[in-house]
2 protein chains.
Amino acid sequence: MTSSLHHRAIENLGTRIISGELPAGHVMLAEQLEVELKVSRSVIREAVRVLQSLGLVETTKRVGIRVLPAGRWNPFDAQVIRWRLASDARGAQLRSLAELRSAVEPAAAELAAANAPAPLRLELVQVARAMRDAGHNGDVPRFLELDIAFHSLLLSGSGNEMFANLMGQVAETLTGRTVHGLMPDHPHEAALQWHVDVAEAIARGDGAAAREGSERIMRRTMTRMADTWTEQPRVFIPVNR
Amino acid sequence: MTSSLHHRAIENLGTRIISGELPAGHVMLAEQLEVELKVSRSVIREAVRVLQSLGLVETTKRVGIRVLPAGRWNPFDAQVIRWRLASDARGAQLRSLAELRSAVEPAAAELAAANAPAPLRLELVQVARAMRDAGHNGDVPRFLELDIAFHSLLLSGSGNEMFANLMGQVAETLTGRTVHGLMPDHPHEAALQWHVDVAEAIARGDGAAAREGSERIMRRTMTRMADTWTEQPRVFIPVNR
DNA sequence: AGTTTTAGATGTCTGCACACATCGGTGTCA
DNA sequence: TGACACCGATGTGTGCAGACATCTAAAACT
């Protein structure tokens with residue numbers, strides 16, 4: 001199912017557009033794509049429709065299928081993110097995601113302290129403690145697993161479905177290695193305790209403490225990650241397009 | 001083109017799914033949809049493919065087209081957001097967007113102070129001042145227009161394409177009224193100056209001041225908007241799905 | 001320069017063959 | 001006799017091929 005012709009056509013075109021192989025303004029013809037990908041018209045059409053909804057192409061009668069500039073791509077779509085991570089813009093995409101996460105998590109922590117259901121608070125504390133233990137014991141694989149679980153739980157606990165999906169949509173589609181382009185891949189002593197502090201603040205409903213603790217973690221994470229995003233040029237998208 | 005059969009089919013099904021008329025688990029048959037919407041198979045198939053990429057449905061052989069639960073919907077897609085705003089969950093969607101915006105804008109302001117290109121900084125200051133003037137003169141339409149322009153510019157100035165699209169993808173697709181479910185629709189004295197302060201902080205590269213000013217605006221905005229989101233239940237999406 | 005015509009592309013419809021998940025009947029075994 | 005494993009029938013999405021409709025950019029013509 002994952003390797004349906006339809007899916008493969010989307011993957012093929014999406015990758016090539018985002019990598020820059022098919023630059024903005026490039027025009028393709030459905031008929032030509034049929035030959036190139038060796039699939040029928042319906043497959044091409046369905047793939048193009050999906051790419052259209054992602055903002056990667058537009059179709060115009062009498063012209064063809066035109067590739068759109070990067071500013072039109074839906075930057076929140078999991079597929080688009082995955083394609084960008086596989087392209088030269090990998091560093092820029094990681095930075096964008098990290099900045100977003102760093103902005104959102106403290107807010108999510110504060111909301112979770114106010115709104116999260118009791119069982120989730122409990123689980124959060126348990127995961128944070130288990131994570132601290134795994135870190136102390138040098139059990140890196142378990143630490144990584146718990147780290148993701150912790151941040152996913154926190155975002156879910158906010159009760160904001162957009163926050164919840166930040167880790168959700170992305171983390172699940174992505175490989176473990178890519179996810180850890182967003183978070184340190186080996187434990188940091190103080191940060192282990194900070195996670196527990198955040199979890200406990202959420203558990204007792206202390207929003208301010210939860211936010212501050214999360215901000216501390218995010219600041220630390222950002223500084224540790226910053227050098228991995230090899231100096232990537234920032235893209236400034238014009239307001240009107 | 002906007003009212004192509006394909007587009008209308010997407011609109012019809014998307015609206016009905018998100019409104020809850022077609023609940024999660026509900027199974028439809030392509031053939032049945034052809035009859036119901038009075039369109040051909042190709043139209044249905046292309047529409048279903050798009051809805052699939054938005055996480056609204058999944059297709060299974062021998063079963064049909066199954067509606068997925070809300071937790072699987074892509075909450076960042078502009079269409080999904082629009083459909084939710086037109087549904088009973090309007091309040092919850094506005095709250096989610098406002099929380100996201102409130103988390104992101106201060107971060108964007110700080111990044112803009114560090115990275116925004118010079119012309120954008122200049123424009124930001126000009127817009128902020130024009131906005132203050134319009135507010136003082138009681139020119140509400142112009143104030144609204146400039147308000148959107150200001151926040152769009154600020155987000156663009158961050159150089160983070162995800163931030164830039166928060167206003168972009170959403171605001172442009174949406175009606176003016178909906179956008180102002182996210183920001184006050186008449187000027188507040190002090191806030192007018194705060195906008196200028198933020199713009200000037202960004203212009204002189206003072207990240208800390210820009211962030212603080214933006215946080216002040218966001219706190220004010222949130223408290224003024226909060227009562228418009230009539231007590232909506234929060235949705236807690238399970239981590240694994 | 002403005003208008004009309006035309007060619008060429010997508011949009012829509014239809015009939016067919018195939019793959020494959022599910023269901024239900026059949027046979028085997030305890 | 002009853003429970004269970006097997007296997008074929010069935011129905012559905014997937015993919016294909018070809019036709020006609022419709023729109024529009026670009027050419028041709030005033």
Side-chain angles (χ1 to χ4, degrees), chain A residues 1-17 22-69 72-74 79 241, chain B residues 1-17 22-69 72-74 79 241:
Chain A
M1 186 72 94
T2 11
S3 66
S4 64
L5 292 183
H6 159 72
H7 187 269
R8 272 194 287 168
I10 292 180
E11 205 65 28
N12 181 312
L13 293 173
T15 306
R16 286 161 66 193
I17 290 172
L22 301 173
H26 179 80
V27 173
M28 300 167 294
L29 272 45
E31 193 184 2
Q32 154 207 339
L33 290 176
E34 293 177 39
V35 180
E36 188 179 330
L37 304 186
K38 297 194 200 35
V39 291
S40 72
R41 185 138 175 239
S42 56
V43 173
I44 293 295
R45 289 185 53 78
E46 288 162 27
V48 167
R49 279 276 136 82
V50 172
L51 296 174
Q52 196 175 26
S53 85
L54 299 181
L56 265 60
V57 302
E58 70 181 358
T59 60
T60 313
K61 286 186 172 183
R62 171 73 204 218
V63 174
I65 301 153
R66 185 183 292 114
V67 176
L68 293 174
R72 300 281 298 274
W73 305 343
N74 180 353
Q79 284 189 111
R241 23 176 222 271
Chain B
M1 187 70 95
T2 6
S3 66
S4 64
L5 294 182
H6 159 71
H7 188 268
R8 273 195 288 167
I10 292 180
E11 206 64 28
N12 181 311
L13 293 173
T15 306
R16 287 162 66 194
I17 289 173
L22 301 172
H26 179 79
V27 172
M28 301 167 294
L29 273 45
E31 195 183 0
Q32 154 207 340
L33 290 176
E34 293 177 36
V35 179
E36 188 178 330
L37 304 186
K38 298 193 194 44
V39 292
S40 72
R41 244 185 345 215
S42 57
V43 173
I44 293 294
R45 285 174 54 168
E46 288 162 26
V48 167
R49 279 278 139 82
V50 171
L51 296 174
Q52 195 176 26
S53 85
L54 300 181
L56 265 61
V57 302
E58 70 181 356
T59 60
T60 315
K61 284 183 178 177
R62 170 73 200 204
V63 173
I65 301 152
R66 184 184 292 116
V67 176
L68 292 175
R72 299 282 297 274
W73 304 343
N74 180 353
Q79 285 190 112
R241 26 175 220 271

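Each chain gets a letter, A, B and so on, in the order the sequences are listed, and its residues count up from 1.
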- Pairs satisfying salt bridge (charged side-chain N to carboxylate O under 4.0 Å, His left out), at least one member in residues 27-40 of chain A, at least two apart: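 Listed by first then second residue: A/Arg16-A/Glu36.
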- salt bridge (charged side-chain N to carboxylate O under 4.0 Å, His left out) partners of residues 40-58 of chain A, not counting sequence neighbours, each pair once: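 Salt bridge (charged side-chain N to carboxylate O under 4.0 Å, His left out) check on residues 40-58 of chain A returns A/Arg45-B/Glu46, A/Glu46-B/Arg45, A/Glu46-B/Arg49, A/Arg49-B/Glu46, A/Glu58-A/Arg66.
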Whole-Å gap separating [atom2] ([N]) and [atom1] ([X]):
X       : N      : atom1 : atom2 : value
A/Ile10 : D/dT14 : CD1   : P     : 12 Å
B/Glu46 : C/dT14 : CD    : C1'   : 14 Å
B/Ile44 : C/dT12 : CD1   : C1'   : 12 Å
A/Leu5  : D/dT14 : CG    : P     : 11 Å
A/Arg45 : C/dT10 : CZ    : C1'   : 6 Å

- Just to confirm, is there a sub-4.0 Å distance from OP1 or OP2 of D/dC16 to any side-chain nitrogen or oxygen of A/Ser40?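 So the side-chain polar atoms of A/Ser40 do come within 4.0 Å of the phosphate oxygens OP1 or OP2 of D/dC16, strictly under.
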Mind listing the N/O atom pairs, protein and nucleotides 25-29 of chain D, below 3.5 Å?
none

Just wondering, do [Y] and [X] contact through their side chains at under 4.5 Å, heavy atoms?
X       : Y       : value
B/His26 : B/Ile17 : no
B/Leu13 : B/Val57 : no
B/Val50 : B/His6  : yes

- Message: Please give me the minimum heavy-atom distance between A/Ala24 and A/Pro69, naming the atom from each residue.
- Response: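 Closest approach of A/Ala24 to A/Pro69: CB-CA, 3.5 Å.
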- Query: If you take all heavy atoms of B/Ala30 and B/Ile65, which pair is closest and at what distance?
  - Reply: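 The pair with the smallest heavy-atom distance is N-CD1, 3.8 Å.
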- Query: With sugar-phosphate meaning primed atoms plus P, OP1 and OP2, does A/Arg66 contact a base, only sugar-phosphate, or nothing at under 4.0 Å between heavy atoms?
  - Reply: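 Result for A/Arg66 = nothing.
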- Task: Assign B/Val48 to base, sugar-phosphate, or nothing according to its heavy-atom contacts below 4.0 angstrom with the strands shown.
- Result: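 Contact class for B/Val48: none.
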- When you measure from every atom of DNA chain D, which of residues 25-38 of chain B have a heavy atom less than 4.0 Å away?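 B/Met28, B/Leu29, B/Ala30 - these, ordered by number, are the residues of the stretch whose heavy atoms sit under 4.0 Å from the strand.
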In Å and rounded to the nearest 0.5 Å, what is the [atom1] to [atom2] distance from [X] to [Y]?
X       : Y       : atom1 : atom2 : value
B/Leu51 : B/Ile44 : CG    : CD1   : 9.5 Å
A/Leu54 : A/Ile10 : CG    : CD1   : 7.5 Å
A/Leu5  : A/Leu37 : CG    : CG    : 10.0 Å

Between the protein and nucleotides 16-18 of chain C, list the N/O to N/O atom pairs that are separated by less than 3.5 angstrom.
residue: C/dC16; atom: N4; partner: B/Arg41; partner atom: NH1; Å: 3.3

- Query: Residues two or more places apart in sequence or in another chain: which of them pass side chain to side chain donor-acceptor pair (under 3.5 Å) with A/Ser42?
  - Reply: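 A/Ser42 satisfies side chain to side chain donor-acceptor pair (under 3.5 Å) with A/Ser40 only.
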- Could you pick out which residue, B/Gly64 or A/Val43, lies toward the 5' side of DNA chain D when each is mapped onto its nearest nucleotide?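 First, find each residue's nearest nucleotide; the 5'-ward one identifies B/Gly64.
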